[in-house]
Amino acid sequence: MSDTTAEATAAPAVTAPVRGDGPESITDRLRSPRTYAVLIGSLLLLVPPFYLDRFWLQAGLFAMAAAIGAIGLNMLTGATGQLSMGHAFFLAVGAYGYCVLAGESSTENGHTLTGLGLPTWLAAILAVLLAGAAGGIFSPIAGRLRGAYLGIATLALIFIGQHVLFNAGSLTGGYNGRAVPPLSVFGFTFDDSELVVAAVPFGSSEKLWYAGLLALLLSALFARGVLRGRPGRAMNAIRDHRIAAGVMGVPVARYRAGVFILSSMYAGLAGVLLALVFQRTVPEYFGMILSLEYLAMIVIGGLGSVAGAVIGAAFVSLLPQVFTHYSDSLPLVSAPGTGGLAPGEASRYLYGAAVVAVVLFLPGGLARLGLGRTKKPQAPRNPAVPKQPAAPKNPGEKS
């Protein structure tokens, strides 16, 4: 055999590259059980308006609004490491901003209310931008403070907001609040006027259910894109080591200020949805307890995770509703106003204990439970390089 033939036989075999190489390709994501679970869950969320009563639909809408606000706070606190205690202030800006922009000037409960009478869809958008503008006014402070210092500074927003809400009667209606104009988009009004769909009467809660789902879906997808992209990596770098992030070229103060504005806009959108569900804004609701509840949401669900914010929001917002609905049959829980342990107090005790348990035993939050059990190390998809065959011996060579 010639030398050329021997070299060709001894040359390593070249394998064609396999598509979808890598730890997780697009095909893997589409075929993963998690993707199927998300799709099935999304389809199931379209069904409740046809079967559930108004109480549970409103509870679900409260959870959706809370999830939107928690996603914004999670980007600020969980992903960037900026503690904020004033989230309720921006929810109030969104809720009352919508009422003032969309409402008509009128007299109610002894207050002459101011209203601009704008189209409600435009008023909702402007209310979100107004909350972002309020965050922009505070953003220079947020860009330079961190940790407990920023927490104390944002705490002042709660006291300022409560003072304005209770005393600016022409804008807020004072202690009794003001009515919320129903949302109207392209002639379709989300009010209590009856609309029959598949022999099921649709009121405001049924109609708002789908608007809330759409708002939550878009908010979650946008936040997921931010956290998985270059801004998210910069935010995580600021959270983990601020000085190192600055050395690498990340504008720390600018990112902190920008995330604070984005978080404020999320809170404003949540405030608009809450106002539409409540149908009346009350200043007392937007207080210190609401800000603490939002912090509990992101800690229980999981810091820095969109799914964690949604799970934590559902846990914290639905628990008081469940306790109130089943207070007659639950031990140690009594109906509101009858003495004993009220449902709201019992729920706060329970998710307070949940915060302690998560911090001690599950630092990643409830969102990490399923992820930690299902995600296993995968073997590389590239086939192993076949062992090189030995070159054939010359006929005259001894073995």
Side-chain angles (χ1 to χ4, degrees), residues 62 65-78 80 82-101 123-175 177-178 180 219 256-278 280-299 309 313 316-317:
F62 291 150
I68 294 173
I71 290 173
L73 183 61
N74 217 356
M75 285 193 291
L76 178 65
T77 302
T80 317
Q82 293 289 86
L83 177 63
S84 175
M85 298 287 292
H87 212 55
F89 171 80
F90 299 105
L91 270 87
V93 172
Y96 280 99
Y98 172 78
C99 293
V100 174
L101 293 169
I125 296 174
L126 292 178
V128 175
L129 296 177
L130 183 62
I137 295 174
F138 194 82
S139 62
I141 300 175
R144 288 165 175 78
L145 296 179
R146 62 188 179 94
Y149 298 100
L150 179 60
I152 297 299
T154 54
L155 191 62
L157 294 175
I158 297 294
F159 299 113
I160 295 173
Q162 288 289 288
H163 177 77
V164 172
L165 293 179
F166 282 114
N167 292 280
S170 61
L171 296 176
T172 66
Y175 288 84
R178 63 182 294 171
V180 180
S219 302
R256 283 177 172 174
V259 176
F260 194 88
I261 295 174
L262 182 60
S263 175
S264 303
M265 295 177 68
Y266 268 81
L269 179 58
V272 172
L273 183 56
L274 278 175
L276 293 172
V277 177
F278 273 124
R280 189 170 193 86
T281 53
V282 181
E284 187 178 0
Y285 177 77
F286 302 97
M288 177 78 66
I289 293 178
L290 184 61
S291 290
L292 295 177
E293 287 178 352
Y294 272 94
L295 287 175
M297 292 175 193
I298 62 175
V299 172
V316 173
S317 60

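- The shortest side-chain heavy-atom distance between L83 and L295 falls under the 4.5 Å cut-off.
- Minimum heavy-atom separation, G287 to I158: C-CG2, 4.1 Å.
- The aromatic rings of F62 and F278 lie tilted to each other, with the angle between the two planes from 30° to 60°.
- Looking at residues two or more places apart in sequence or on another chain, you find no ring pair (Phe, Tyr, Trp, His ring centres under 6.0 Å) involving F159.
- The backbone N or O of E284 lies less than 3.5 Å from no partner atom in the side chain of Q162, so there is not a single donor-acceptor pair.
- With T172 contributing its side chain and G177 its backbone, the two residues share no donor-acceptor pair below 3.5 Å.
- Rounding to the nearest 0.5 Å places CG of L129 at 12.0 Å from OG of S264.
- Residues passing the side chain to side chain contact (heavy atoms under 4.5 Å, CB included) test with S219 are I68, Y266, L269, sequence neighbours excluded.
- Contact detail for A95 and G271: the closest heavy-atom pair is CB-O, 3.4 Å.
- Closest approach of A131 to G268, counting heavy atoms only: CB-CA, 3.6 Å.
- The shortest distance between side-chain heavy atoms of T80 and M75 does not fall below 4.5 Å.
- The two residues S139 and G136 have their closest heavy-atom pair at OG-O, 2.6 Å.
- Smallest separation of non-hydrogen atoms from G94 and A127: O-CB, 3.5 Å.
- Of the possible polar contacts, one joining the H87 side chain to the G69 backbone as a donor-acceptor pair under 3.5 Å is found.
- Each of L91, V316, N74 was compared with Y294 under the side-chain contact (heavy atoms from CB on, under 4.5 Å) criterion, and only L91 meets it.
- Contact check for L145 versus R256: no side-chain heavy atoms found under the 4.5 Å cut-off.
- With rounding to the nearest 0.5 angstrom, the CD1 atom of I160 is 11.5 Å from the CG atom of L165.
- Scanning both residues, M297 and A66, for their nearest heavy atoms gives CE-CB, 3.7 Å.
- Taking CG of L150 as the start and CZ of R144 as the end, the distance is 13.0 Å to the nearest 0.5 Å.
- When each of Y96, F260, F138 is tested with F90 by the rule ring-ring contact (aromatic ring centres under 6.0 Å, His included), just one qualifies, namely F260.
- Using a distance-only test at 3.5 Å, with no hydrogens or angles considered, no donor-acceptor pair links the side chain of T154 to the main chain of S84.
- With sequence neighbours excluded, the residues satisfying ring pair (Phe, Tyr, Trp, His ring centres under 6.0 Å) with F166 are Y175.
- Atoms CG and CE, on L130 and M265 in that order, are 10.5 Å from each other to the nearest 0.5 Å.
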